[in-house]
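In what follows, a single structure is set out as structure tokens and then discussed.
All of these numbers come straight from a predicted model, not from anything done at the bench. Sequence lines set the chain letters: A, B, ... in the order given, protein chains first and strands last, and positions in each chain run from 1.
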Protein chains: 2
Amino acid sequence: MKKEEQLKLENQICFPIYSVSRLITRAYKPHLDKLGLTYPQYLVLLVLWEENGLSVNKIGRKLLLNTNTLSPLIKRMEKNELLTRTRSKDDERTVLVDLTEKGINLKEKAASIPQELLNTLLNEDVEPSDVILLKKTLDSWINILAEDPESPADK
Amino acid sequence: MKKEEQLKLENQICFPIYSVSRLITRAYKPHLDKLGLTYPQYLVLLVLWEENGLSVNKIGRKLLLNTNTLSPLIKRMEKNELLTRTRSKDDERTVLVDLTEKGINLKEKAASIPQELLNTLLNEDVEPSDVILLKKTLDSWINILAEDPESPADK
DNA sequence: TATATTTGCATCGCACACGATTTAATCGTG
DNA sequence: CACGATTAAATCGTGTGCGATGCAAATATA
């Protein structure tokens with residue numbers, strides 16, 4: 001590609017990823033609003049619905065988010081009575097996060113949300129195979145980009 | 001897919017997009033720090049390097065960002081002397097954004113940044129065809145998700 | 001066992017995103 | 001021309017993201 005072309009917006013790979021990410025959050029919003037959730041809060045619930053009682057650290061490792069993002073976010077969720085925060089008896093540094101009845105019950109109401117987005121796409125002639133391939137590609141990029149920057153021999 | 005499976009984090013398409021978007025921003029950061037730019041500011045420059053003197057509105061339409069995000073962002077860039085803001089004489093409501101010498105000159109220094117990310121991926125055996133396909137898919141999703149929600153006959 | 005290091009979480013400051021609202025300029029219609 | 005509707009920016013409030021820093025508990029090491 002010519003040097004002049006490289007900086008055109010339409011030739012950037014970063015921009016469509018950034019935009020689609022925001023557009024998906026936007027598409028989810030009306031559904032999440034009904035449940036009183038934000039998108040990152042919904043992600044925390046996804047994690048806890050799979051395995052309840054995780055530490056802040058473990059939630060962060062699954063979502064690739066640090067505690068400086070998660071701590072206040074989880075506190076807001078506690079205020080909304082979606083979960084409880086308890087210091088672990090084994091290790092006083094660790095905060096264990098447990099869903100409340102209310103948090104558990106949201107699962108049923110949230111179940112249809114991912115399908116809604118998928119339907120929007122499929123209705124516009126997006127091929128299911130495209131979705132699968134996209135996810136596969138992105139997952140491999142996560143593995144590359146989320147690598148612990150300490151581990152490789154960085155000169 | 002079984003209902004139980006649908007809400008597993010690993011089966012979400014939204015999560016990898018959200019994560020990769022953040023990881024790319026993170027990967028760009030050290031390069032952009034050298035230029036004193038944030039990632040959204042870099043996007044504004046990409047637009048203006050292609051066509052200088054656009055209105056806030058037009059920049060927003062290209063980046064899919066509203067003025068409530070762009071106005072303060074552009075003001076910060078003005079403070080950093082990357083651009084100037086002038087009310088249009090034709091239409092006093094419109095603010096025209098023009099790059100300064102400093103803003104124009106950053107283009108050369110920024111030219112290598114997208115290639116850096118690409119190289120990181122290619123070094124990890126990502127196929128160039130995957131990148132192209134990914135972009136193509138995401139672009140089509142943008143067209144679907146960014147549609148003006150007023151235009152369709154929404155009952 | 002005393003001390004240095006590491007770890008888990010929290011706090012602070014800054015910069016987005018974005019819904020909702022405000023203000024001022026322009027446009028459309030009669 | 002009058003005046004309501006529309007449009008372009010800006011402002012406000014809330015909620016992320018994240019680098020930097022702080023702090024206390026746990027662990028490693030002398």
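For the salt bridge (charged side-chain N to carboxylate O under 4.0 Å, His left out) condition, the pairs that include at least one residue of residues 122-139 of chain B, sequence neighbours left out, are Lys135(B)-Asp139(B). Residue pairs meeting the ring pair (Phe, Tyr, Trp, His ring centres under 6.0 Å) criterion with at least one member in residues 40-93 of chain B, sequence neighbours excluded: Tyr28(B)-Tyr42(B). Screening residues 79-90 of chain B for side-chain hydrogen bond (donor to acceptor under 3.5 Å, both in side chains) gives Glu78(B)-Arg85(B) as the qualifying pairs, with residues at least two apart or on separate chains. Note on residues 26-54 of chain B: pairs passing salt bridge (charged side-chain N to carboxylate O under 4.0 Å, His left out), not counting sequence neighbours, are Lys29(B)-Asp33(B). Judged as a salt bridge (charged side-chain N to carboxylate O under 4.0 Å, His left out), not a single pair has a partner in residues 56-66 of chain B (not counting sequence neighbours).
Membership of the apolar cluster around Leu133(B) extends to Leu133(A), as traced through chained side-chain contacts below 4.5 Å between ILVMFWY residues.
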Under 3.5 Å, which donor-acceptor pairs do the side chains of residues 69-76 of chain B form with other protein atoms, sequence neighbours left out?
{"from": "Ser71(B)", "atom 1": "OG", "to": "Thr67(B)", "atom 2": "O", "distance (Å)": "3.2"}

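The hydrophobic cluster containing Ile132(B) does not contain Ile24(B), counting ILVMFWY residues as joined when their side-chain heavy atoms lie under 4.5 angstrom apart, directly or transitively.
dG30(C): Watson-Crick or G-U partner is dC1(D), with both key distances under 3.5 Å.
For Lys75(A), no side-chain nitrogen or oxygen approaches OP1 or OP2 of dC9(C) to under 4.0 Å.
Residues satisfying the side-chain hydrogen bond (donor to acceptor under 3.5 Å, both in side chains) criterion with Lys8(B), sequence neighbours excluded, are absent altogether. Not counting sequence neighbours, the partners of Lys107(B) by the salt bridge (Lys or Arg N to Asp or Glu O under 4.0 Å) test are Glu4(A).
Against DNA chain D, the stretch residues 86-97 of chain B makes heavy-atom approaches under 4.0 Å through Arg87(B), Arg93(B), Thr94(B), Val95(B). Contacts between residues 46-63 of chain B and DNA chain C, defined by a heavy-atom separation under 4.0 Å, are absent.
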Identify each atom pair where a protein N or O and an N or O of nucleotides 13-20 of chain C are less than 3.5 Å apart, giving names and distance.
{"from": "dC16(C)", "atom 1": "OP1", "to": "Thr38(B)", "atom 2": "OG1", "distance (Å)": "2.6"}
{"from": "dC16(C)", "atom 1": "OP2", "to": "Gln41(B)", "atom 2": "NE2", "distance (Å)": "2.9"}
{"from": "dC16(C)", "atom 1": "OP2", "to": "Arg76(B)", "atom 2": "NE", "distance (Å)": "2.7"}
{"from": "dC16(C)", "atom 1": "OP2", "to": "Arg76(B)", "atom 2": "NH2", "distance (Å)": "3.1"}
{"from": "dC16(C)", "atom 1": "O5'", "to": "Arg76(B)", "atom 2": "NH2", "distance (Å)": "2.7"}
{"from": "dA17(C)", "atom 1": "OP2", "to": "Tyr18(A)", "atom 2": "OH", "distance (Å)": "2.5"}
{"from": "dC18(C)", "atom 1": "OP2", "to": "Arg22(A)", "atom 2": "NE", "distance (Å)": "3.2"}
{"from": "dC18(C)", "atom 1": "OP2", "to": "Arg22(A)", "atom 2": "NH2", "distance (Å)": "3.1"}
{"from": "dC18(C)", "atom 1": "OP2", "to": "Arg26(A)", "atom 2": "NH2", "distance (Å)": "3.2"}
{"from": "dG19(C)", "atom 1": "N7", "to": "Asn68(B)", "atom 2": "ND2", "distance (Å)": "2.6"}
{"from": "dG19(C)", "atom 1": "O6", "to": "Asn68(B)", "atom 2": "ND2", "distance (Å)": "2.7"}
{"from": "dA20(C)", "atom 1": "N6", "to": "Asn68(B)", "atom 2": "ND2", "distance (Å)": "3.4"}

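Distance CE (Met77(A)) to C1' (dT16(D)): 13 Å, rounded to an integer number of Å. Atom P of nucleotide dT11(C) and atom CG of Leu70(A) are separated by 14 Å, given to the nearest angstrom.
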